[in-house]
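Working notes, structure below.
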Amino acid sequence: MREDPNGAALLQAATTLLREDILKALPDDKRHGALMIANAMSIAMRQLEYGEAPEQGELQALRALLGSGDEASEAPMRGLLVSLNRQLAQRIRGGDADPGTALHAATLVQLRAAGRQRLLESSPKTLKTKA
């Protein structure tokens, strides 16, 4: 069993220290780099908190949308997601998801869900300001 605090809590504490104390002490020419580090740490923390559930959900949704029959594939989840997203992009470019087609509504649902999850991880404040 891991000891407390866990990885997400450690990242949170380090990010807070960086933003609230260390950043103020840095010269102006170093602040942008430090903010980029703090943002990367925040994204990593949120990804740790969400775990694999968002990617598993996206994989299931893409399989249902595309009618993919590779459920038993031994390929890593990341590779499957890349492959299925490429297939979806090809179908969109090919007009298969244009308004009036069978895939149109389901494709919009999928793309909105994927975009929302990306925002939850990379820029959650954006969603709060739009809600």
Side-chain angles (χ1 to χ4, degrees):
M1 182 168 100
R2 293 183 181 147
E3 293 184 29
D4 283 334
N6 64 22
L10 290 170
L11 278 170
Q12 178 63 51
T15 301
T16 299
L17 179 66
L18 180 60
R19 286 183 189 273
E20 294 179 4
D21 293 337
I22 296 172
L23 198 60
K24 295 173 188 174
L26 290 176
D28 289 343
D29 65 326
K30 300 294 182 190
R31 287 190 182 146
H32 179 72
L35 281 171
M36 288 179 53
I37 292 168
N39 287 338
M41 291 168 63
S42 294
I43 292 168
M45 180 185 61
R46 287 187 290 272
Q47 288 178 345
L48 280 172
E49 289 173 357
Y50 285 113
E52 289 188 358
E55 288 184 318
Q56 290 171 346
E58 182 179 5
L59 185 60
Q60 290 175 343
L62 285 168
R63 283 177 168 157
L65 179 66
L66 298 170
S68 176
D70 61 357
E71 287 82 1
S73 173
E74 295 296 321
M77 182 171 27
R78 179 91 178 141
L80 289 171
L81 280 170
V82 168
S83 175
L84 290 172
N85 274 298
R86 284 184 180 151
Q87 288 176 37
L88 179 58
Q90 289 171 343
R91 298 207 45 196
I92 291 169
R93 282 191 298 273
D96 293 348
D98 286 352
T101 64
L103 281 180
H104 179 72
T107 299
L108 285 177
V109 168
Q110 169 58 29
L111 293 175
R112 285 181 180 137
R116 185 175 195 290
Q117 183 60 41
R118 286 185 179 104
L119 282 174
L120 282 171
E121 293 177 3
S122 66
S123 185
K125 289 180 185 176
T126 303
L127 290 175
K128 290 179 184 174
T129 60
K130 302 289 181 190

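- The same ILVMFWY cluster, assembled from side-chain heavy atoms under 4.5 Å apart, contains both Y50 and L127.
- Although no hydrogens or angles enter the test, the distance criterion places no donor-acceptor pair under 3.5 Å between the side chain of S83 and the main chain of G79.
- Here the CG atom belonging to L81 is positioned 5.5 Å from the CD atom belonging to E55, to the nearest 0.5 angstrom.
- Applying the side-chain contact (heavy atoms from CB on, under 4.5 Å) test to R112 and every residue at least two apart in sequence or in another chain returns L108.
- The two residues D98 and I92 have their closest heavy-atom pair at OD1-O, 4.4 Å.
- The list of salt bridge (charged side-chain N to carboxylate O under 4.0 Å, His left out) pairs with a residue in residues 39-51, not counting sequence neighbours, is empty.
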Decide yes or no on side-chain contact (heavy atoms from CB on, under 4.5 Å) for E58 and N85, but give the supporting numbers first. CA-CA 10 Å; E58 182 179 5; N85 274 298; 3.1 Å; yes
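- M45 forms part of a hydrophobic cluster together with L11, L17, L18, I22, L23, L26, L35, I37, M41, L48, judged by ILVMFWY side-chain heavy-atom separations under 4.5 Å.
- For the pair R63 and L80, the minimum side-chain heavy-atom distance is below 4.5 Å.
- Taken to the nearest 0.5 Å, the CG atom of L66 stands 8.5 Å off from the CD atom of Q110.
- Checking side-chain atoms of S42 against main-chain N and O of A38 turns up a donor-acceptor pair under 3.5 Å.
- Grouping the Ile, Leu, Val, Met, Phe, Trp and Tyr side chains by contacts below 4.5 angstrom, directly or via other members, places L59 with L111.
- With values rounded to the nearest 0.5 angstrom, K125 atom NZ is found 14.0 Å from L119 atom CG.
- T107 is listed as a side-chain neighbour of L65, based on a closest heavy-atom distance under 4.5 Å.
- The number of heavy atoms from other shown groups lying within 6.0 Å of CZ (R31) is above 12.
- In this structure, E121 and P54 have side chains that are in contact, with non-hydrogen atoms separated by less than 4.5 Å.
- Atom NZ of K30 is separated from atom CG of D28 by 12.0 Å, given to the nearest 0.5 angstrom.
- When hydrophobic clusters are built by joining Ile, Leu, Val, Met, Phe, Trp and Tyr residues whose side-chain heavy atoms come closer than 4.5 Å, directly or via intermediates, M77 is grouped together with L84.
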